[in-house]
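Structure first, then comments.
All chains are named by letter (A, B, ...) in the order of the sequence lines, taking the proteins before the strands, and each is independently numbered beginning at 1.
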Amino acid sequence: MSELSNEQLLDIDYYLRLTRTLEERLVALFRQAKVIGGLYRSLGQEGESVAAAYALDYKQGDVVQPLIRNIGAILVAGAKPADIIKQYMAKGDGPTRGRELNIHFGHPARDGFIGQISMLGDMIPVMAGIALAGRMQKRKLVTLAFIGDGGSSTGAFWEGMNFASVQKLPMVVIVENNGYAYSTPTSKQTAARTLADKSYAFGCAGVTIDGNDVLGVYDTTKRAIENARSGGGVTLIEVMTFRMKGHAEHDNQAYVPKELIAEWAEKDAVVRFENLLVERGVATREQLDAIQQRVKKEVDDATDEADRSPMPDPAHAGKGLFIEDGYWG
Amino acid sequence: MSELSNEQLLDIDYYLRLTRTLEERLVALFRQAKVIGGLYRSLGQEGESVAAAYALDYKQGDVVQPLIRNIGAILVAGAKPADIIKQYMAKGDGPTRGRELNIHFGHPARDGFIGQISMLGDMIPVMAGIALAGRMQKRKLVTLAFIGDGGSSTGAFWEGMNFASVQKLPMVVIVENNGYAYSTPTSKQTAARTLADKSYAFGCAGVTIDGNDVLGVYDTTKRAIENARSGGGVTLIEVMTFRMKGHAEHDNQAYVPKELIAEWAEKDAVVRFENLLVERGVATREQLDAIQQRVKKEVDDATDEADRSPMPDPAHAGKGLFIEDGYWG
Amino acid sequence: MPETTYIDAITQAMSEEMARDERVFLIGEDVGAYGGAFKTSYGLLDKFGAERVIDTPISEIAIIGAASGAALMGMRPIAEMQFLDFITCGYDILVNFAAMNSYLFGRACPIVVRGPAGGGTHGGPYHSINPEAMFLNRPGLKIVAPGTAYDAKGLLKAAIRDDNPVLYIEHKYLYRRIKENLPDDDYIVPIGKANVRRRGKDLTIITWGAMLYVADDAADELAKDNVSTEIIDLRSIVPFDEDAILESVAKTNRVIILHEAPLTGGAGAEFAARIAEKAFDYLDAPIKRIAALDVPTPYSPPLEAAALPDKTRVLQAARELLAY
Amino acid sequence: MPETTYIDAITQAMSEEMARDERVFLIGEDVGAYGGAFKTSYGLLDKFGAERVIDTPISEIAIIGAASGAALMGMRPIAEMQFLDFITCGYDILVNFAAMNSYLFGRACPIVVRGPAGGGTHGGPYHSINPEAMFLNRPGLKIVAPGTAYDAKGLLKAAIRDDNPVLYIEHKYLYRRIKENLPDDDYIVPIGKANVRRRGKDLTIITWGAMLYVADDAADELAKDNVSTEIIDLRSIVPFDEDAILESVAKTNRVIILHEAPLTGGAGAEFAARIAEKAFDYLDAPIKRIAALDVPTPYSPPLEAAALPDKTRVLQAARELLAY
Ligand SMILES: Cc1ncc(C[n+]2csc(CCOP(=O)(O)OP(=O)(O)O)c2C)c(N)n1
Ligand SMILES: Cc1ncc(C[n+]2csc(CCOP(=O)(O)OP(=O)(O)O)c2C)c(N)n1
Ligand SMILES: [Mg+2]
Ligand SMILES: [Mg+2]
C-alpha cells in the first residue's frame with residue numbers, strides 16, 4: 001500500500017480530518033457572521049489536496065501553492081489552523097494582519113507555501129519563478145501548484161506552463177477537475193479530451209487520475225515530484241474530483257444536476273481512505289475516532305485563539321506599502 | 001494537381017511574384033530612406049502565406065488576418081500594392097492616413113482582411129470574435145489567422161484558441177514555424193513536439209505540413225476552411241518554413257547557422273511551385289516571365305502613386321479618437 | 001411603478017437593449033445559467049437564448065478580444081468582467097486593440113465592458129477596485145461610472161448605443177442599497193454630461209459613483225452650519241464635463257474632489273489640474289482631493305474603513321477650505 | 001574616461017550589478033545571444049552565461065511572473081520588456097502580484113521591470129509608449145524615468161538594489177543621442193529624489209525623461225529674454241520628490257509641467273494637483289501642463305511631431321504665464 005508507513009497513513013488521515021473539521025468550523029463561524037467575506041468549501045476534494053501536498057519534502061525547501069479550496073494542502077505544509085481562522089475572521093494578528101483574506105498568505109522561502117492571489121492563473125508563472133530561483137540557488141526544491149479546470153483557461157496559466165516546460169523547471173501542477181468553475185461546467189471551459197491533454201501543448205508530462213483516491217494521488221504526485229527533482233521537468237496531473245458544495249456558501253449550486261452530487265457523494269475520498277485503513281489493518285475505527293477527537297480539540301483551540309485576537313488597528317491602514325517602511329518588522 | 005484550375009494556379013503564381021517583387025521594392029525604398037520604420041521580409045515564406053489566403057472565399061465574407069510577414073495573404077484578399085507602400089512610407093492618404101505602419105490596416109467587414117496590432121497573439125481572440133459575429137449573423141464566413149512560432153507562446157493566443165475551440169467557431173489558424181522569433185529559436189519557444197500539438201490542448205484539429213509546398217498548403221487549408229464552414233470547428237495548421245532574412249532589415253541574423261539558410265534556400269517555395277507549373281505543362285517559362293513583367297509594372301505604378309502621395313497634415317493629429325467626430329468620414 | 005434598485009436598472013438596460021436591437025449580446029463568465037456572480041444578468045438567458053448570452057471560459061483576454069472582433073462586424077457586445085478587478089487580465093487587448101480602432105484604423109468598435117467595482121463590501125484588495133484611472137492616460141476608451149439607478153440604466157443604454165468602446169463601472173456597494181422611481185419610457189443619459197446633484201454657492205464637491213452618498217451626507221452636515229454645497233456628479237470620466245466643473249468652481253470658488261480610488265494618480269488629479277489651469281482666477285482656496293489612501297483596499301473592515309474616504313474627511317477638508 | 005551613452009550606462013549598470021551580486025539576473029525576449037532588440041544587454045550572455053541571461057518565449061506574463069517568484073526567493077531579477085508598450089500584456093501580474101507583495105503579505109519582491117519607452121523615433125502607436133501613468137493609481141510599484149546617462153546608470157543600480165518592484169523607464173530616443181562623462185566609481189542615484197537641473201527664479205518647468213532637452217531648449221530661448229527658468233528633473237515618479245516641486249514653485253510662483261505622455265490622466269495631473277493643494281498661496285498664475293495630444297502616438301513623422309510636445313508649445317505656455 002504505497003511506500004507510506006502506517007504512521008504516515010495516519011498522518012494523512014489526520015490532515016484529511018483536520019481539513020474537513022476546520023472547514024466545518026468556518027461554516028459555523030460564517031453563519032455567526034464572524035467569517036467576513038466568502039467561504040469556499042473543499043468538501044469532496046480534500047483527498048487530492050492533502051495527498052498531493054503530502055508528497056512534497058518541505059525540509060528540502062519544496063513549496064506548495066494552494067487555490068482557495070486547498071486548505072488541506074497548506075495544513076500539510078505547516079499552516080496553523082488558528083492562522084487560517086484569523087484570516088477568515090479578518091483579524092489583526094493573522095498572517096496578513098487583516099489585509100488579505102482566507103488562505104491568501106504564506107511565504108515560499110519561509111513557510112513552504114504561498115497563497116494564491118485572486119487572479120486565477122497568475123500563480124503558475126510565479127511558481128515557475130520560484131522553481132527557477134531554486135535551481136539557480138543550486139537547491140533541489142520542487143514547486144507544486146494547484147490550478148482549477150477554470151483557471152487552466154487563463155493566459156497566465158498557459159504562459160507559465162510553457163515557460164516552465166521550456167526551462168524544464170522542477171514543477172508539478174495539479175489541475176483539479178472538479179466539474180465546475182463557479183457555474184460553468186468543464187465542457188464549456190475546454191474542448192480538450194482531457195485537461196491532461198494540455199501537456200502536449202507544453203511538451204511536459206501529463207496524466208489524468210482519480211482525484212478521490214488518496215493513495216493514487218500521493219503516488220502519482222510523488223513520482224512526478226521526484227522526477228522533477230532529478231531534472232525531469234514539469235508534470236501536469238489532472239485529478240478528477242468533484243466540488244460537493246456551491247462555488248461559495250452563498251451559492252446553492254442549483255445548476256448542478258442532483259444525480260451528479262449523489263453519485264460523487266458515494267465516492268467521498270475521506271470515507272474511502274479510512275475504509276481502506278481499517279480494511280488493511282492500518283487502524284481501527286477507535287483509532288480514527290481518536291484522531292478526530294484530537295482534530296476537534298485543535299480546531300476548538302484555534303477558534304478560541306482566533307476569537308480572542310484583535311481586529312487590526314485602523315491607524316495601520318496606510319503602512320507597509322513599501323517593504324522598507326518597517327511595518328512588517 | 002489539387003482542384004485548382006490552370007487559371008487559378010497562374011493566379012497564385014502572380015501573387016507569389018507580386019509579394020516578392022513588392023517586398024524587394026520596399027527594400028529599395030527603405031535604402032532610400034523613403035520607408036520609415038522597420039521593414040520585415042517574408043522571403044522564403046511567401047508560399048504558405050499566399051496559398052493559405054487563396055483558400056478563402058472572400059465573396060462569402062471570409063476574413064484573413066496577416067502578421068507582418070503576410071503581405072502575400074492580404075494581396076490575395078485584395079489589398080492594393082499602392083496602399084501597402086503608402087503605409088510603409090507613412091503617407092497621408094494610405095489606409096491609416098499615416099497613423100499606423102506597414103500592413104497594420106484593413107477592415108474585416110469591408111476589406112476581407114484585418115491587419116494585426118503589434119501585440120502578438122491579440123488577434124486570435126479578435127478573429128474568434130469575427131467568426132462568432134459571422135455565425136450570429138447567420139453568414140457562412142470563415143476566419144483565417146496567422147500566428148508565429150513566437151506569437152503562439154502568448155496568453156492571448158491560448159485564450160483565443162481555447163475560446164474558439166469551445167465555441168467550435170469557423171476559424172483556421174496557421175502557425176508559421178519559421179525557425180525563429182526574432183533571435184529566439186523555436187526550441188526556446190516551446191518544448192512541444194510540434195506546434196500542431198498545441199491543438200490537443202484546445203481539442204481542435206491540428207496538423208503539421210510543409211510550408212514551402214504551395215499546393216499542399218492550399219489543399220490543407222482549403223479542407224480546414226470547408227470543415228470550419230460546415231460547423232466542424234477550429235483547425236490549427238503548423239506550416240514548416242523558414243525566415244530567410246533577419247527579423248527586420250536591421251538584423252543581420254548572425255545567430256542563424258549559415259548551413260540552415262543554405263539548406264532552406266534550396267527549398268524556395270516560389271521556385272519549386274514554378275518548376276511544378278512548367279513540369280506539369282501549366283505554364284511555360286515565357287508565360288511566367290510575362291507574369292513577372294505584369295507584376296513589375298504594377299509595382300512600378302504603385303510606387304509612383306505612393307511617391308506622389310502627400311504626407312499627412314499635422315493639423316489632423318488630434319482628430320478621430322472617437323468615431324463620431326467624423327474624421328474618417 | 002415600483003422602485004428600481006441600481007442592479008435592476010442595469011439588468012433592465014441590458015434586457016431592453018437586447019430586445020430592441022438583436023446585435024446586442026452579452027458575453028462573460030457565468031452570465032448565462034447562473035445569471036452572473038451578482039445576478040445582474042439573471043433571466044437574460046431564458047429571454048434571449050445561449051447564442052446571445054454566452055458563458056465563456058475564464059479568459060478575460062478572450063472575452064474582451066472576441067467582443068471587439070464581433071463589434072467590428074457590426075455587433076454590439078456587452079463584455080462582463082465578473083469583477084472589474086479582473087479587467088487587468090484583459091488590459092492589453094482593451095487599451096491596445098479595442099480602444100485604438102477609431103484613431104488608427106477608422107473602425108467603429110462598439111463594445112461595452114462592464115462589471116462590479118468599488119469597495120466598502122469587505123471584498124479585499126482583489127474585489128474592490130475603482131479602475132477608472134488605469135485607463136485615463138490610454139486614449140480611445142470612454143468611461144462612465146453611474147451613482148444612481150437612473151444613471152445606471154440611462155448610461156448603460158447610452159454605452160450600448162455608443163459607437164466606441166465604453167468602460168461601464170458599476171458600484172457593487174450600490175447594487176441593492178439604492179432604489180429609485182425610474183421612468184417607464186426608454187431614456188438614455190448622454191455620455192459626457194455631468195449632473196448637478198445639489199445646487200449650492202459656498203463650496204463644490206466633484207464626485208461620482210458611491211461617493212455621491214458620502215458627499216450628500218457631508219453636504220447635509222454642512223447645511224446645518226448654513227454652508228451651501230454644490231455637488232457635481234460627474235457620471236462620465238471620459239469624456240468628462242469640463243464645463244460643468246469650471247462653471248461650478250467659478251460660482252463657489254472652493255472645490256473638493258472626492259473619489260474612492262487611491263489619491264495618487266487618481267482621476268481626481270486630472271480634474272484638479274484642469275481647474276488649476278482653467279479656473280485659477282476663481283479659486284479662493286487650494287484644491288482639495290479626498291480619496292483612498294495610496295494602498296490596495298484592505299480586507300478587514302476597520303482597515304477598509306480607514307483606507308476609504310468618508311464623511312469625516314470630507315467635512316474636515318470642507319471646513320479648512322471655508323476657513324481659508 | 002570616454003563619454004558614455006545613455007544606453008551604455010544601462011548596460012554598465014546591469015553588468016556591474018551582476019558582477020557585484022550573483023542574485024541579479026536578466027530575463028526577457030532576445031536578451032541573450034542577440035543582446036536585446038536595442039543591444040542593451042549586449043555582451044552579458046558571454047560574461048554571465050545562459051543561467052543568468054535568460055531568453056524567454058514571447059510571454060510577458062511569464063517574464064514578470066517568473067521574475068516575481070524568483071524575487072520572493074531572494075533573487076534580484078531584471079525583467080526586460082522588448083518595448084515597454086508590451087508591459088500591458090503583463091499588466092495584471094505586475095500590478096496585482098508583484099506590486100502587492102509588501103502591503104498584503106509583508107514579502108519583499110525586488111524585481112526591476114525595464115525596457116525602451118517613449119516617442120520621437122517614428123515607432124508608431126505600439127512602440128512609443130510613455131507608460132508611467134498606467135501604474136500611478138496602482139500602489140506598490142516604484143517608477144523611475146532617467147533622462148541623463150548619469151541617472152540612467154545610478155537609478156538602475158538603485159532599482160536593482162531596491163527591495164520593492166521598480167518600473168524603470170528608459171527613453172529609447174536618448175539611447176545613442178546623449179553622452180556624458182560618468183564617474184569611475186560605483187554610485188547610485190536615490191529613488192525619490194529630483195534633480196534641480198537648472199536653477200532659476202522666474203518660472204519652474206517640472207519634467208523628466210527625454211523632455212529634459214525640450215525644457216533645456218525652451219529655457220535657453222527664454223534666457224535670451226532674461227527669463228530665468230528653473231528645471232526640475234523629477235527622475236522618480238513613484239515616489240516623487242514633492243518637496244523639490246513645492247520648493248521650486250514657492251520660489252518661482254509659476255509652473256509648467258511638461259511630459260511626453262498624453263495630457264489627460266498623465267502623471268503631470270498628479271503633480272499639478274499637489275501644487276494646487278499644497279503651494280496654492282505661492283502661485284501667481286495658472287498651472288500649465290504641456291503634454292502629448294490625447295491620442296495614441298501616430299507613426300508618420302508630421303503627425304508624431306504634432307502629437308508630441310515641443311519647444312514651441314512650452315515657450316507659448318511660458319510666455320502666457322510670465323505675462324499673467
Ligand atoms: C482571472 C480571473 N477571472 C475571474 C475570476 C473569478 N472567479 C473566481 S473563482 C472562479 C471559478 C474558478 O473555477 P476553477 O478554476 O475551476 O476552480 P474551483 O472553484 O472549481 O476550485 C472565477 C471565475 C478570477 N478569480 N480570476
Ligand atoms: C506581446 C509581444 N511581445 C513582444 C513583441 C516584440 N516582437 C515583435 S516580433 C517578435 C518576434 C515574433 O516572432 P514570431 O511570432 O515567430 O513571428 P516571425 O517574426 O517569426 O514571423 C517579437 C518578440 C511583440 N510584438 N508582442
Ligand atoms: Mg473547478
Ligand atoms: Mg517565427
note = Here the gap from C:Y126 atom OH to A:D122 atom CG, rounded to the nearest 0.5 Å, amounts to 8.5 Å
query = Between A:M119 and C:C89, which heavy-atom pair has the shortest distance, and what is it?
reply = CG-SG, 4.0 Å
Portion of C:L293 that has a non-hydrogen atom of chain A nearer than 4.5 angstrom = side chain
query = Can you check whether A:R99 reaches C:P125 side chain to side chain, under 4.5 Å on heavy atoms?
reply = no
Neighbour count >12 (heavy atoms, 6.0 Å) for atom CZ, A:F322 = yes
message = Students often mix this up, so state it plainly: with edges at 30° and 60°, are the rings of C:Y34 and A:Y182 parallel, tilted or perpendicular?
response = tilted
ask   = Does any heavy atom of chain C fall under 4.5 Å from the side chain of A:Y88, the backbone, both, or neither of them?
value = backbone
inquiry  = Using heavy-atom distances under 4.5 Å, tell me whether C:A305 contacts chain A through its side chain, its backbone, both, or neither.
reply    = neither
query = Do you know which of A:T96, A:I117, A:T190 has the most heavy-atom pairs under 4.5 Å to chain C?
reply = A:I117
ask   = Has C:K39 got more than 12 heavy atoms of other residues, nucleotides or ligands less than 6.0 Å from its NZ?
value = yes
task = Please look at C:Q82 and chain A and tell me whether the side chain, the backbone, both or neither of the residue comes under 4.5 angstrom of a heavy atom of that chain.
result = side chain
request  = Counting only heavy atoms closer than 4.5 Å, note whether C:T56 contacts chain A via side chain, backbone, both or neither.
outcome  = backbone
query = Under a 4.5 Å heavy-atom cut-off, does chain C meet the side chain of A:L120, its backbone, both or neither?
reply = side chain
query = Counting only heavy atoms not in A:Y200, do more than 12 fall under 6.0 Å of its OH?
reply = no
message = Under 4.5 Å from any heavy atom of chain C, what part of A:Q253 do you find: side chain, backbone, both or neither?
response = neither
query = Which region of A:L321, side chain (C-beta onward) or backbone (N, CA, C, O), has a non-hydrogen atom less than 4.5 Å from a non-hydrogen atom of chain C, or is it both or neither?
reply = side chain
remark   = Of the listed A:H316, A:H104, A:K188, the one with the largest count of heavy-atom pairs under 4.5 Å with chain C is A:K188
message = One pair to check against side-chain hydrogen bond (donor to acceptor under 3.5 Å, both in side chains): A:T184 and C:D55. What are the steps and the verdict?
response = CA-CA 7 Å; A:T184 305; C:D55 277 330; 5.0 Å; no
task = Identify which of A:A156, A:A90, A:G37 forms the greatest number of heavy-atom pairs closer than 4.5 Å to chain C.
result = A:A90
ask   = Around atom OH of C:Y42, are there more than 12 heavy atoms of other residues, nucleotides or ligands at under 6.0 Å?
value = no
note = Shortest non-hydrogen pair, A:E100 vs C:Y299, comes out as O-CD2, 3.4 Å
request  = Check whether any side-chain heavy atom of C:L303 sits under 4.5 Å from a side-chain heavy atom of A:M311, and report yes or no.
outcome  = no
query = Is there a donor-acceptor pair under 3.5 Å between the side chain of A:S153 and the backbone N or O of C:S59?
reply = no
key: Check: A:Q189 side chain, C:I58 main-chain N or O, donor-acceptor pair, under 3.5 Å   = yes
task = Please determine, among C:A307, C:G32, C:P301, the option with the most heavy-atom pairs under 4.5 Å with chain A.
result = C:P301
